[in-house]
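Remarks on the structure that follows.
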Amino acid sequence: DISFGGAAAPASARRADVKVADVTVTGVEGADEAAVRAQLRVRAGDTFDFIRWRNDVDGLRAWYRARGHREARVRSSRREEAGGLVLGYR
């Protein structure tokens with residue numbers, strides 16, 4: 001048994017599961033908003049998963065590129081509110 005640097009660090013507490021309260025999409029209108037929302041896998045009511053959220057952002061970028069929007073930018077945000085996280089895409 002070999003140890004370096006003294007005592008082991010205490011295990012961090014597991015973070016409580018956080019629910020997605022809402023998903024907002026801005027910068028698109030009408031049928032375009034519905035098409036963008038159809039690409040998203042993280043939805044209101046889901047337990048937040050950072051990897052799935054980032055995959056949604058990457059997926060939207062690829063979706064726009066496939067439709068000829070080579071320089072489209074997709075920005076994402078998240079903020080905590082009393083009811084859970086609000087995820088935003090613009």
Side-chain angles (χ1 to χ4, degrees):
D1 187 27
I2 299 175
S3 64
F4 297 94
S12 60
R14 186 179 184 320
R15 184 176 172 154
D17 290 337
V18 178
K19 293 290 186 184
V20 176
D22 194 15
V23 176
T24 62
V25 175
T26 57
V28 294
E29 296 178 10
D32 290 338
E33 181 178 345
V36 167
R37 285 184 179 277
Q39 304 304 308
L40 302 176
R41 300 294 169 247
V42 178
R43 302 184 190 281
D46 290 352
T47 299
F48 179 72
D49 181 308
F50 182 83
I51 301 300
R52 286 181 59 216
W53 178 55
R54 295 309 306 163
N55 287 343
D56 272 354
V57 173
D58 293 340
L60 280 177
R61 288 180 181 136
W63 182 78
Y64 274 110
R65 278 193 307 272
R67 280 152 186 73
H69 302 284
R70 303 280 182 232
E71 296 188 31
R73 286 186 281 174
V74 176
R75 305 234 189 242
S76 60
S77 62
R78 65 180 177 175
R79 70 179 187 277
E80 288 193 44
E81 292 190 358
L85 284 178
V86 175
L87 304 180
Y89 300 89
R90 58 184 170 97

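Predicted, not measured: the structure shown is a model, and the values here were computed from it.
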**Message:** Rounded to the nearest 0.5 Å, what separates atom CH2 in Trp53 from atom CG in Asp58?
**Reply:** 11.0 Å
**Distance, nearest 0.5 Å, that separates OG1 of Thr26 from CZ of Arg75** = 11.5 Å
**Message:** Taking Arg65's backbone N and O only, do any of them form a donor-acceptor pair with Arg70's side chain (distance below 3.5 Å, no angle check)?
**Reply:** yes
**Prompt:** Which heavy atom of Ala44 sits nearest a heavy atom of Ala21, and at what distance?
**Reply:** CB-O, 3.7 Å
**Prompt:** How about Thr47 and Lys19: do any of their side-chain heavy atoms sit closer than 4.5 Å?
**Reply:** yes
**Request:** For Arg54 and Ser76, test the side chains for any donor-to-acceptor distance below 3.5 angstrom and give the result as yes or no.
**Result:** yes
**Request:** State whether the side chain of Arg37 and the backbone N or O of Val23 hold a donor-acceptor pair below 3.5 Å, judged by distance alone.
**Result:** yes
**Item:** Side chain proximity check, Tyr64 to Val36, heavy atoms < 4.5 angstrom
**Value:** yes
**Prompt:** Is a side-chain N or O of Arg41 found less than 3.5 angstrom from the main chain of Ala38, in a donor-acceptor match?
**Reply:** yes
**Item:** Arg79 with Glu81: basic N within carboxylate O range, under 4.0 Å
**Value:** yes
**Val42 side chain reached by Asp49 side chain, heavy atoms, under 4.5 Å** = no
**Request:** Could you walk me through whether Thr24 and Tyr89 pass the side-chain contact (heavy atoms from CB on, under 4.5 Å) test, one step at a time?
**Result:** CA-CA 6 Å; Thr24 62; Tyr89 300 89; over 6 Å; no
**Asked** Taking C-beta and beyond as the side chain, do Leu87 and Phe48 meet within less than 4.5 Å on heavy atoms?
**Response** yes
**Request:** Could you tell me whether Arg43 and Asp46 have a side-chain N and a carboxylate O separated by less than 4.0 Å?
**Result:** no
**Common cluster, Val18/Val86, ILVMFWY with side-chain heavy-atom separation under 4.5 Å** = no
**Request:** Check for a donor-acceptor pair, side chain of Arg67 on one end and backbone N or O of Trp63 on the other, with a separation under 3.5 Å.
**Result:** yes
**Item:** Heavy-atom donor-acceptor pair, Arg61 side chain to Val74 backbone, under 3.5 Å
**Value:** yes
